Number of protein chains: 2
Amino acid sequence: MTSRAHTGVRSTGHTDERAPEDCPVREVLDRVGDKWSVLVIVMLGRRTHRYSELHRAIDGISQRMLTLTLRALVRDGLVDRTAHATVPPRVDYALTDLGRTLLEPLNALDRWAILHRDDIRAARERHDRARDPRPDGT
Amino acid sequence: MTSRAHTGVRSTGHTDERAPEDCPVREVLDRVGDKWSVLVIVMLGRRTHRYSELHRAIDGISQRMLTLTLRALVRDGLVDRTAHATVPPRVDYALTDLGRTLLEPLNALDRWAILHRDDIRAARERHDRARDPRPDGT
DNA sequence: CAGGATCCGTAAGGATACTG
DNA sequence: CAGTATCCTTACGGATCCTG
């Protein structure tokens with residue numbers, strides 16, 4: 001997150017790498033597929049939040065990661081940062097119009113996840129049981 | 001990829017962590033948000049491929065990563081593996097029905113990326129120019 | 001309060017060599 | 001051909017302490 005400039009495929013030296021058709025999906029995932037971005041986006045999709053609110057709401061995130069994630073989102077024009085010159089300081093984060101448009105495809109993924117999480121879980125257990133039978137119960 | 005068991009939020013010791021609403025999106029991203037999975041899925045979305053075909057098509061991927069990615073996808077029931085007992089050996093990979101359903105939300109993301117990649121690029125340049133003005137042209 | 005600066009462990013992923 | 005096995009580098013992310 002600190003300085004990713006590549007598009008998803010890192011070169012080894014030759015410059016002619018090609019994904020299926022340049023695959024824009026990977027571009028999105030490169031900036032939103034990390035551990036926290038979507039969580040932040042979902043939160044801001046509900047309403048504007050200030051830094052401390054996000055920190056409390058997204059349980060488990062460190063200050064460092066929250067800051068880094070927000071910075072990246074602001075940089076990409078998905079999130080708006082508004083610093084109020086009060087004391088103590090107060091900073092509000094909100095989705096931009098662009099950021100809001102991202103909510104739709106994200107919700108599509110969300111619906112898919114809800115619909116098929118059990119299938120995946122089942123497939124995995126089937127698969128694991130096949131290669132590690134463990135006849136008894138230890 | 002080798003052994004991720006957590007749901008997206010790692011605990012520090014207390015057990016009451018909560019994402020916005022358990023956020024299933026993150027679940028999907030945990031298994032498909034990595035560097036290669038979607039590329040593979042997209043390729044298999046076009047047609048069945050054998051190992052070597054994928055290796056050549058997805059330029060930049062290492063054997064190790066292709067194998068690991070495929071294994072995870074098979075395990076999750078998104079991809080089917082068919083080994084033909086010929087010599088030389090031949091292994092075909094194809095999307096399962098479940099895997100095919102994932103193509104839709106993925107395409108939604110894809111469309112979003114295509115539609116807004118320029119906005120993001122623009123926002124980023126604006127942002128970067130703001131904090132690193134570089135008046136002349138060095 | 002809203003971060004910035006550091007330090008550090010882990011895990012993702014690349015390169016390479018080898019095998020059924 | 002379709003992988004395995006190993007080694008090694010890096011980048012991601014957590015913990016902690018400090019500041020305007």
Side-chain angles (χ1 to χ4, degrees), chain A residues 1-6 8-14 17 26 29-40 48-75 79-93 131, chain B residues 1-6 8-14 17 26 29-40 48-74 79 81-93 131:
Chain A
M1 184 124 25
T2 6
S3 69
R4 21 171 156 96
H6 63 91
V9 176
R10 177 164 323 119
S11 173
T12 320
H14 57 304
E17 330 114 341
R26 279 252 27 97
L29 292 179
D30 271 345
R31 18 204 66 84
V32 152
D34 69 286
K35 197 170 176 183
W36 302 110
S37 292
V38 284
L39 263 348
V40 171
T48 296
H49 281 75
R50 40 191 304 192
Y51 186 90
S52 51
E53 287 178 325
L54 289 171
H55 195 193
R56 258 173 293 109
I58 306 182
D59 189 295
I61 196 172
S62 62
Q63 297 182 41
R64 174 185 146 83
M65 275 305 110
L66 179 54
T67 303
L68 256 42
T69 302
L70 286 170
R71 263 220 284 263
L73 293 175
V74 168
R75 182 171 117 100
V79 166
D80 235 356
R81 192 194 113 117
T82 315
H84 306 269
T86 63
V87 42
R90 171 210 181 91
V91 180
D92 285 332
Y93 291 94
R131 53 138 291 208
Chain B
M1 184 120 34
T2 6
S3 72
R4 18 173 159 94
H6 62 92
V9 176
R10 179 162 324 120
S11 173
T12 320
H14 56 305
E17 330 113 343
R26 279 253 25 99
L29 292 179
D30 271 345
R31 16 204 69 83
V32 152
D34 68 286
K35 198 171 177 181
W36 303 109
S37 292
V38 284
L39 264 348
V40 171
T48 295
H49 281 76
R50 39 192 306 193
Y51 186 89
S52 51
E53 288 179 324
L54 288 172
H55 195 196
R56 257 173 292 109
I58 307 181
D59 189 294
I61 197 173
S62 61
Q63 298 183 52
R64 174 186 144 83
M65 274 305 112
L66 179 54
T67 302
L68 254 43
T69 302
L70 285 169
R71 263 220 284 262
L73 292 174
V74 168
V79 166
R81 192 195 115 118
T82 314
H84 305 269
T86 63
V87 42
R90 172 212 181 91
V91 180
D92 285 333
Y93 291 94
R131 53 136 292 205

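Note: hydrogens, waters and symmetry copies are ignored here, and every other heavy atom, side chains too, is used. In what follows, chains are A, B, ... by sequence order, proteins preceding strands, each numbered from 1. Keep in mind that this is a model prediction, so the values were computed, not measured.
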Out of D/dC1, C/dC1, D/dG3, which has the shortest distance to the side chain of B/Thr67? D/dG3
Checking B/Tyr51 against B/Thr67: is there a side-chain donor and acceptor pair closer than 3.5 Å? yes
Of all heavy-atom pairs between A/Glu53 and A/Thr48, which one has the smallest distance, and what is that distance? OE1-O, 4.2 Å
Between atom CG in A/Asp30 and atom P in C/dA12, what is the gap in whole Å? 16 Å
Between C/dG13 atom P and B/Trp36 atom CH2, what is the distance in whole Å? 9 Å
Among the candidates C/dA2, D/dG13, D/dA2, find the nucleotide nearest to the side-chain atoms of A/Tyr51. C/dA2
Between A/Arg64 and D/dC18, does any side-chain N or O lie under 4.0 Å from OP1 or OP2? no
Rounded to whole Å, CG of B/Leu70 lies from P of D/dT4 at a distance of 10 Å
Over how many whole Å does the gap from A/Met65 atom CE to C/dG9 atom C1' extend? 14 Å
Roughly how many Å is it from CG in A/Asp34 to P in C/dA11, rounded to a whole number? 18 Å
Nearest of D/dC1, D/dG13, D/dG3 to any side-chain atom of A/Lys35? D/dG13
From CG of B/Leu66 across to P of D/dA5 the rounded distance in Å is 16 Å
Just to confirm, is there a sub-4.0 Å distance from OP1 or OP2 of C/dA2 to any side-chain nitrogen or oxygen of A/Arg90? no
Would you give the length of the straight line joining atom CG of B/Leu66 to atom CD1 of B/Ile61, rounded to the nearest 0.5 angstrom? 4.5 Å
Strictly below 4.0 Å: does A/Tyr93 bring a side-chain N or O up to OP1 or OP2 of C/dC1? no
Taking OP1 and OP2 of D/dT4, is either one under 4.0 Å from a side-chain nitrogen or oxygen of B/Arg71? yes
Exercise: identify the closest heavy-atom pair between B/Gly33 and A/Leu29: CA-CD1, 4.5 Å
What is the distance, to the nearest angstrom, from the CG atom on B/Leu54 to the P atom on D/dC1? 14 Å
Phosphate oxygens OP1/OP2 of C/dG13: is one of them under 4.0 Å from a side-chain N or O of B/Ser62? no
Only one of A/His49, A/Arg50, A/His84 forms a side chain to side chain donor-acceptor pair (under 3.5 Å) with A/Asp92, so which one is it? A/His84
Side chain of A/Gln63 only, please: which of D/dA2, D/dG13, D/dC17 is the nearest? D/dC17
Can you identify which nucleotide, out of C/dG4, C/dA2, D/dA2, has its nearest atom closest to the B/Arg50 side chain? D/dA2
When rounded to whole Å, the CG to P distance for the pair A/Leu29 and C/dA12 reads 16 Å
